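Report on the following structure.
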Amino acid sequence: MTTLQSSIGPLVAELTDLLGERVSTTEAVRDHHSRGELHFGAAPPDVVAFPASTDEVSRIAALCTKHRVPMIPFGAGTSLEGHVSAVQGGVSIDLTGLNRILRLSAEDLDVTVEAGVTRQQLNDHLKTTGLTFFLDPGADATVGGMIATGASGTTAVRYGTIRENVLGLTVVLADGRVIRTGGRARKSSAGYDLTRLMIGSEGTLGIVTEATLRLQALPDAVTSAVASFETLEGAVDTVIAAIQLGIPVARCELVDEVAVEGLNRANNLGLEPAPMVFFEFHGPTERAVEEQAELVKELADDRGGRGFQWASSLEERNRLWRARHEAAYATLTLAPGKKGWATDVCVPISRLAECIRESRADIDASTLLGPIVGHIGDGNFHCLYLYDPDDSAEVDEARRLNDRLVNRALAMGGTCTGEHGIGVGKIASLEKEHGDAIPVMRAVKQALDPEGLLNPGKIFR
């Protein structure tokens, strides 16, 4: 019997004393907590705990450290690089019960929420305030999950990623200690920036239980449009030109012709099967929005654009963006029975068209089908390789394409992931990108989690 196996029984008993029926060892619950989205296999925890407060998370962590059992934070389960898999067993700490909005200051444009609050829940709460939380990673992720993975999304080009939208955190450390980082001030020079250290750490340094977030005023005028292009390069170059000219585009999302085919099949959109960019413009007046849109339209016309389809009503805009968010699942309909290997990179925008063109050529020359979509306003794009997980040749081909994509991005001065994170899927890629810095990262991990119990097997080998 392993040390872990011998520790689980006593630990489950103590967790049950603490949480009562909010502890489960049933196969169905463990299986639900064994994976995120898409292609990574299941790795179930030994037990799942459902705390309802920071204090309960603190006490769970202390018990796990006492018994030397791994602990894996779990939110909505929408991560894409295996972050929530219990690769060494242990306790999955489901934070969805920490779902209270604790404080709102409309005057200061900030809010404090628990980690299990979802993006949609927060924005529903803000409906009558004239404020919103613009970060939009696509899925209805929890705030804690977005912080853990360093999430980005469709609006990052104008409103920033999660890093720019978090003011402070409450974090439970491995031994159960609770710390508070940052605050509500808009800037600070006080000590190490532990808030940014925790963002993107994927639950390997601490468990985020509360966050203070920046809010934005809702724009008075909004319009959306879809523009089709003769070539992929024309679509990308239009966006690059708009960014370089300082046009404050709120969203600009690329979908290539393969992705468009999937969207049409899944959503009955009737879009032209050509590379497209979904645009959204925000402004204080209708005239300001029109001026932004016209400038971008002129850029598109000069680069092979085939005209804009406008969507000014809320219903039309929601339909467009819902389709964009569902692109990954829509394209699965192009290859029934296959799974999607999702990956992302980010490069300087001056190299973006080249990187996407070469990546598209790689897929076209491959035996696999795969769309490309992207938040191209900040140089971030995604490939989804459709493969049969039971066919070793297709698995190897998906891995080869992913490796070529990462190597290409790194050679262009980019990064192996713009928003998905490392998890278990990109450990080797992180070593390629930051090899000389890995020992420093390990030293930070060792200082905060000397027993290696916080989400082990992620980020490092």
Side-chain angles (χ1 to χ4, degrees), residues 36-41 78-82 138-139 154 228-229 231-233 235-236 253-267 269 271-278 323-347 351-376 379-410 412 414-420 423 425-426 429:
E37 297 281 351
L38 300 177
H39 71 280
F40 284 98
T78 56
S79 63
L80 295 172
E81 291 290 350
T154 63
S228 62
F229 290 82
T231 65
L232 199 57
E233 290 87 350
V236 177
E253 295 288 300
L254 172 74
V255 290
D256 74 357
E257 59 271 26
V258 179
V260 171
E261 186 179 348
L263 290 177
N264 284 338
R265 182 174 297 191
N267 298 283
L269 290 182
L271 297 172
E272 180 184 2
M276 290 191 169
V277 179
F278 289 48
R324 165 59 187 92
H325 286 322
E326 294 172 356
Y329 298 101
T331 51
L332 291 175
T333 64
L334 299 174
K338 295 198 175 184
K339 290 189 178 295
W341 183 309
T343 186
D344 83 311
V345 294
C346 190
V347 296
R351 305 297 300 273
L352 181 60
E354 177 187 3
C355 193
I356 291 179
R357 182 180 66 248
E358 293 182 8
S359 301
R360 180 70 264 165
D362 258 7
I363 301 172
D364 290 342
S366 166
T367 56
L368 303 184
L369 187 67
I372 293 177
V373 300
H375 316 311
I376 56 173
N380 182 205
F381 70 95
H382 308 252
C383 297
L384 184 71
Y385 311 123
L386 304 181
Y387 75 107
D388 181 353
D390 297 321
D391 185 328
S392 60
E394 291 199 0
V395 173
D396 289 344
E397 179 64 1
R399 183 176 293 111
R400 184 187 74 85
L401 290 171
N402 181 64
D403 288 344
R404 283 180 59 82
L405 174 69
V406 168
N407 290 338
R408 181 178 300 117
L410 295 181
M412 293 180 177
T415 176
C416 66
T417 174
E419 60 181 351
H420 290 181
K426 285 193 170 176
S429 301

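Because only heavy atoms are used, hydrogens play no part in the values below, and waters and symmetry mates are left out as well, while side chains stay in. Quick caveat, the model's predicted, so the values are computed rather than measured.
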Non-hydrogen side-chain atoms of L254 and L232 separated by less than 4.5 Å: yes

Check the pair I372 / S359 against side chain to side chain contact (heavy atoms under 4.5 Å, CB included), numbers first and verdict last. CA-CA 9 Å; I372 293 177; S359 301; 4.3 Å; yes

Please tell me if the side chains of V345 and F381 come closer than 4.5 Å, counting only heavy atoms from C-beta onward. yes

Search all heavy atoms of V373 against all heavy atoms of A259 and return the closest pair with its distance. CG1-CB, 3.8 Å

Student check: side-chain heavy atoms of L368 and I363 closer than 4.5 Å: no

Give a yes or no on this: more than 12 heavy atoms of other residues, nucleotides or ligands lie within 6.0 Å of atom CZ of R404. no

Closest non-hydrogen atoms of L410 and S429, given as atom of the first, atom of the second and distance, are CD1-O, 4.4 Å

Short N-O contact, E397 and R400, less than 4.0 angstrom: yes

To check you understand the geometry: which heavy-atom pair defines the closest contact between K338 and Y387, and what is its length? CB-O, 3.3 Å

Going through the checks in order, is the side chain to side chain contact (heavy atoms under 4.5 Å, CB included) test met by V255 and L271? CA-CA 11 Å; V255 290; L271 297 172; over 6 Å; no

Listed by chain and number, what are the side-chain contact (heavy atoms from CB on, under 4.5 Å) partners of T78, not counting sequence neighbours? E37, A76, A139, A141

Under a 4.5 Å cut-off applied to non-hydrogen side-chain atoms, are E354 and E358 in contact? yes

Donor-acceptor pair, distance only, cut-off 3.5 Å: does the side chain of N380 make one with the backbone of H375? no

Give, for atom CG of L80 and atom CD of E419, the distance between the pair rounded to the nearest 0.5 Å. 8.5 Å

Quick one, H382 and H420 - any side-chain contact, counting heavy atoms below 4.5 Å? yes

Could you tell me which non-hydrogen atom of T333 sits nearest to which non-hydrogen atom of P336, and how far apart they are? O-CD, 3.6 Å

Polar side chain donor-acceptor pair, T154 to R324, under 3.5 angstrom: no

Could you check whether any side-chain heavy atom of C355 comes within less than 4.5 Å of a side-chain heavy atom of R408, counting everything from C-beta outward? yes

For the pair D362 (side chain) and L405 (backbone), establish whether a donor and an acceptor sit closer than 3.5 Å, ignoring hydrogens and angles. no

Measuring from L384:CG to L332:CG, what's the distance to the nearest 0.5 Å? 6.0 Å

Are the side chains of K426 and N402 in contact, using a 4.5 Å heavy-atom criterion? yes

Would you check if E394 and Y385 make a side-chain contact, meaning some heavy-atom pair closer than 4.5 Å? no

Closest non-hydrogen atom pair between L386 and A335, with its separation: CD1-CB, 4.0 Å

Quick one: does K339's side chain have a donor or acceptor within less than 3.5 Å of a partner on P389's backbone? no

Could you walk me through whether D256 and I356 pass the side chain to side chain contact (heavy atoms under 4.5 Å, CB included) test, one step at a time? CA-CA 10 Å; D256 74 357; I356 291 179; over 6 Å; no

Closest non-hydrogen atom pair between M412 and V347, with its separation: CB-CG1, 4.5 Å

